[in-house]
Amino acid sequence: MHKKIAVMIAAAALLSASAAARAEDWPFFKNNELRNGTMSAELRGAPAIGGVREWTTQLWQNIASSPAVYRGMVYFGSNDGAVYALDAETGKQRWKFETDNWVTTSPAAVNGRIFIGGFDSRLYCLNADTGEQIWKFTTSNSIQSSPAVADGVVYFGSNDGYVYAVTIKTGWQKWKFKTDAAVTGSPVVADGIVYIGNRNGKMYAINAADGQLSWRAIVGGPITSAPAVANGHLYFTSQDGKIYCARIKHQAVIWNYDAKAQIETSPLVHSGRVVFGDISGNVTALDALSGSPLWKYQTGGSVFSSAAAYGGRIYIGSNSDRLFALDMESGAPAWQLDLEGDVIATPAVTAGRLIVPTAGGNICAIR
């Protein structure tokens, strides 16, 4: 092989490896495009998280954006209108990118790029290492929907009522799908279908390739959270106080469970269980196949934080200023930690460490 060609191939391989997500990464809201909230199988033998604070970075503004962890960096947005990158080991700021309004969505980290939307109606593509803007895409209203990325395309919703598909390389629109209300929920992409809800209580199944409607389900209240896909089923919550399970093959809801309280959280699906929180302060676990209740835990404050799973435990915050570690099987508390601010965002899990922001403007690493 010619020496110059060999060097070019080696350099390309190195770039590809550096851009790829690692087993210890948490690159999307709830970790992956299925939104199942579960850490990689490769890390299941890692040490348990014991509830000890490792570092805290104070930013002074409410952080509702659930963080992503990618290649040793923590990425998130803030109500000060900025997107931040911190060193995952130390919490030190690596870069800051200014937008024109609040950033409450969660970033998606793919191929060395960060994708994140904001209240300034723009979806941004940033260089993950430097924070430099690569491109931006403008919608007609604010963006509260955290993006999903699959097969070179970014999918997200906007308060203008559309679902968008934009290429990750250039930011060009591939298609947009019109719904009949604001789309604040976040999408899931599974087997070529984009699942996303809107504030009129409609859950849409949209063909990822061409933006055509495949099917939809209609429920009794706004859908503001992200659904989850597991074992051929679609799970989603609604502000009508119910969680729904649809069998994807039959394109139909097969059960629902009434929590009798408004639900803002996205469901966690893990180990045959579906776990969610509600504004009455309860965290509830159901059997994933039947919807039968298994356990319930009261946190003492409204729950807007979706759960993350790791090492046989679930981790979830509440407006009691606390983060809770609960046993997946029984719901029994393993520990709780006061974080001096409501925990609205969903924790990110990485290699035996939780990254947790608060409404008080802290972001913490917990081991």
Side-chain angles (χ1 to χ4, degrees), residues 26 29-30 37 48-69 73-96 102-107 116 119 144 146 264-266 268 275-283 297-311 313-327 331-367:
W26 187 275
F29 174 58
K30 300 189 69 194
I49 298 170
V52 178
R53 199 181 310 204
E54 187 176 30
W55 54 255
T56 300
T57 298
Q58 179 73 55
L59 297 176
W60 307 108
Q61 287 283 339
N62 182 2
I63 305 172
S65 170
S66 301
V69 182
M73 303 254 281
V74 178
Y75 303 93
F76 59 96
S78 168
N79 280 15
D80 65 3
V83 180
Y84 289 88
L86 308 181
D87 186 285
E89 292 293 330
T90 65
K92 292 182 179 179
Q93 184 176 307
R94 297 280 289 274
W95 55 254
K96 176 182 177 181
W102 292 358
V103 182
T104 61
T105 68
S106 302
I116 191 166
F119 270 71
Q144 294 174 266
S146 299
E264 299 278 355
T265 65
S266 301
L268 164 73
V275 181
F276 65 95
D278 62 52
I279 66 168
S280 72
N282 286 319
V283 179
Y297 181 81
Q298 173 57 234
T299 67
S302 296
V303 180
F304 295 92
S305 166
S306 301
Y310 176 72
R313 292 175 180 170
I314 67 161
Y315 301 93
I316 193 166
S318 90
N319 282 14
S320 64
D321 293 2
R322 296 185 182 94
L323 178 74
F324 297 85
L326 307 178
D327 183 83
W335 51 261
Q336 58 181 274
L337 187 64
D338 190 338
L339 293 179
E340 301 92 37
D342 293 341
V343 182
I344 298 170
T346 299
V349 187
T350 172
R353 178 191 286 130
L354 297 173
I355 307 293
V356 188
T358 76
N362 293 324
I363 184 162
C364 310
I366 300 161
R367 282 201 180 274

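Side-chain atoms are counted along with the backbone in the values below, which use heavy atoms only and exclude waters and symmetry mates.
- Counting only distance, with no hydrogens or angles, the side chain of S302 and the backbone of S280 share no donor-acceptor pair below 3.5 Å.
- With hydrogens and angles disregarded, a donor-acceptor distance shorter than 3.5 Å links the side chain of S306 to the backbone of S266.
- Aromatic pair Y297/F324: ring centres closer than 6.0 Å.
- Taking E340 as the reference, R53 meet the side chain to side chain donor-acceptor pair (under 3.5 Å) condition, with sequence neighbours excluded.
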For Y315 and V356: C-alpha separation, side-chain torsions, deciding distance, then whether side chain to side chain contact (heavy atoms under 4.5 Å, CB included) applies. CA-CA 10 Å; Y315 301 93; V356 188; over 6 Å; no
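- A search for side chain to side chain donor-acceptor pair (under 3.5 Å) contacts involving R313 returns nothing, not counting sequence neighbours.
- Between the side chain of W335 and the backbone N or O of I49 there is at least one donor-acceptor pair closer than 3.5 Å.
- Expressed to the nearest 0.5 Å, how far CG of L323 lies from SG of C364 amounts to 9.0 Å.
- F29 is listed as a side-chain neighbour of T346, based on a closest heavy-atom distance under 4.5 Å.
- Using a 4.5 Å cut-off on side-chain heavy atoms (C-beta onward), V52 and I366 make no contact.
- A pairwise comparison of heavy atoms in V74 and P67 identifies CG1-CB, 3.9 Å as the closest pair.
- In terms of modelled atom types and a separation under 3.5 Å, the side chain of T265 and the main chain of S305 share no donor-acceptor contact.
- Residues S65 and T104 are not in side-chain contact: their nearest non-hydrogen atoms beyond the backbone lie 4.5 Å or more apart.
- Listed by chain and number, the residues in a side chain to side chain donor-acceptor pair (under 3.5 Å) with Q336 are R322 (sequence neighbours excluded).
- When every heavy atom of P357 is checked against every heavy atom of V343, the shortest pair comes out as O-CG1, 3.9 Å.
- Between the OG1 atom in T350 and the OH atom in Y310 there is a gap of 8.5 Å [rounded to 0.5 Å].
- Here D87 pairs with R94 under the salt bridge (charged side-chain N to carboxylate O under 4.0 Å, His left out) rule; sequence neighbours left out.
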Please walk me through it: do I279 and F304 pass side chain to side chain contact (heavy atoms under 4.5 Å, CB included)? CA-CA 7 Å; I279 66 168; F304 295 92; 3.9 Å; yes
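- At least one donor-acceptor pair closer than 3.5 Å links the side chain of T358 to the backbone N or O of N362.
- Atom-to-atom distance recorded for W26:CH2 and S106:OG is 11.0 Å, nearest 0.5 angstrom.
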Between T299 and V283, is a side chain to side chain contact (heavy atoms under 4.5 Å, CB included) present by the stated rule, with each step listed? CA-CA 7 Å; T299 67; V283 179; 3.7 Å; yes
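- Here I363 contributes atom CD1 and S78 contributes atom OG; the two are 9.5 Å apart, rounded to the nearest 0.5 Å.
- Evaluation of the side chain to side chain donor-acceptor pair (under 3.5 Å) rule for N79 yields no partner, not counting sequence neighbours.
- Of the possible donor and acceptor atoms, one in the side chain of D321 sits under 3.5 Å from a partner among the backbone N and O of D342.
- The salt bridge (charged side-chain N to carboxylate O under 4.0 Å, His left out) search around E54 returns R353, R367, not counting sequence neighbours.
- N282 places none of its side-chain heavy atoms less than 4.5 Å from the side chain of V303.
- Aromatic ring orientation, Y84 versus F76: parallel (interplanar angle below 30°, classes split at 30° and 60°).
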Give the C-alpha distance, both sets of side-chain angles, the deciding distance and a yes or no for side chain to side chain contact (heavy atoms under 4.5 Å, CB included) between N319 and I344. CA-CA 7 Å; N319 282 14; I344 298 170; 4.0 Å; yes
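- Using a distance-only test at 3.5 Å, with no hydrogens or angles considered, a donor-acceptor pair links the side chain of W55 to the main chain of A88.
- Using a 4.5 Å heavy-atom threshold, the side chains of W60 and D80 count as separate.
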